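Remember, predicted model here, so these are calculated numbers, not experimental data.
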Amino acid sequence: MADRRAFLTDGFAPVNCHSCGTGVLVRKNSEKHTSIQWTSDPAVSCPVYAELVAEGGNTALMDTCARLSDSIAAAVASGEISVGSTEREDGT
């Protein structure tokens, strides 16, 4: 149970989209692997997702918002998010 909780919470950092302000939690396991936890319903808080839903689309089939991806990349570039930093507080 502790491993599951750690997997779902450790190493995440808050990031706000520079375009719409939507806040998410992000963990970069590697340059190519990004975990995103939405803290709100993306179809309500993100205009890109909202548009998709308004057109009859399914947010589960969308990779992610390109604007949010750009904001995450900027957070990595500025050092706000570390890549590969998934070590738990207990050092494991």
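Residues L68 and C46 form no side-chain contact, since every pair of their non-hydrogen atoms from C-beta on lies 4.5 Å or further apart. V15 has its side chain out of reach of E80: every pair of non-hydrogen atoms, C-beta onward, lies at least 4.5 Å apart. Proximity of H18 to D70: side-chain heavy atoms (C-beta onward) are nowhere separated by under 4.5 Å. With contacts defined as side-chain heavy-atom distances shorter than 4.5 Å, the pair V24/T39 does not qualify. Side-chain contact between I36 and F12 is absent, with no heavy atoms from C-beta onward closer than 4.5 Å. Side chains of T59 and V53 form a contact here, defined as non-hydrogen atoms less than 4.5 Å apart. In this structure, the side chains of V76 and K28 come closer than 4.5 Å at one or more pairs of heavy atoms.
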With side chain to side chain contact (heavy atoms under 4.5 Å, CB included) as the criterion, how do T34 and V26 come out once you've worked through the C-alpha distance, each side chain's angles and the decisive distance to 0.1 Å? CA-CA 7 Å; T34 304; V26 175; 3.8 Å; yes

Given R27 and N29, is the side chain to side chain contact (heavy atoms under 4.5 Å, CB included) satisfied, shown in steps? CA-CA 6 Å; R27 178 174 61 205; N29 298 319; 3.3 Å; yes

Show, in sequence, the C-alpha distance, side-chain angles and deciding distance for T22 and N16, and conclude whether the side chain to side chain contact (heavy atoms under 4.5 Å, CB included) test is met. CA-CA 5 Å; T22 296; N16 292 324; over 6 Å; no

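Results of the side-chain contact (heavy atoms from CB on, under 4.5 Å) test with P47 over C65, S19, C20 single out C20 as the only residue that passes.
Using a 4.5 Å cut-off between side-chain heavy atoms of Ile, Leu, Val, Met, Phe, Trp and Tyr, with links allowed through other members, I72 and V83 fall into the same hydrophobic cluster.
Closest approach of Y49 to T64, counting heavy atoms only: OH-CA, 3.2 Å.
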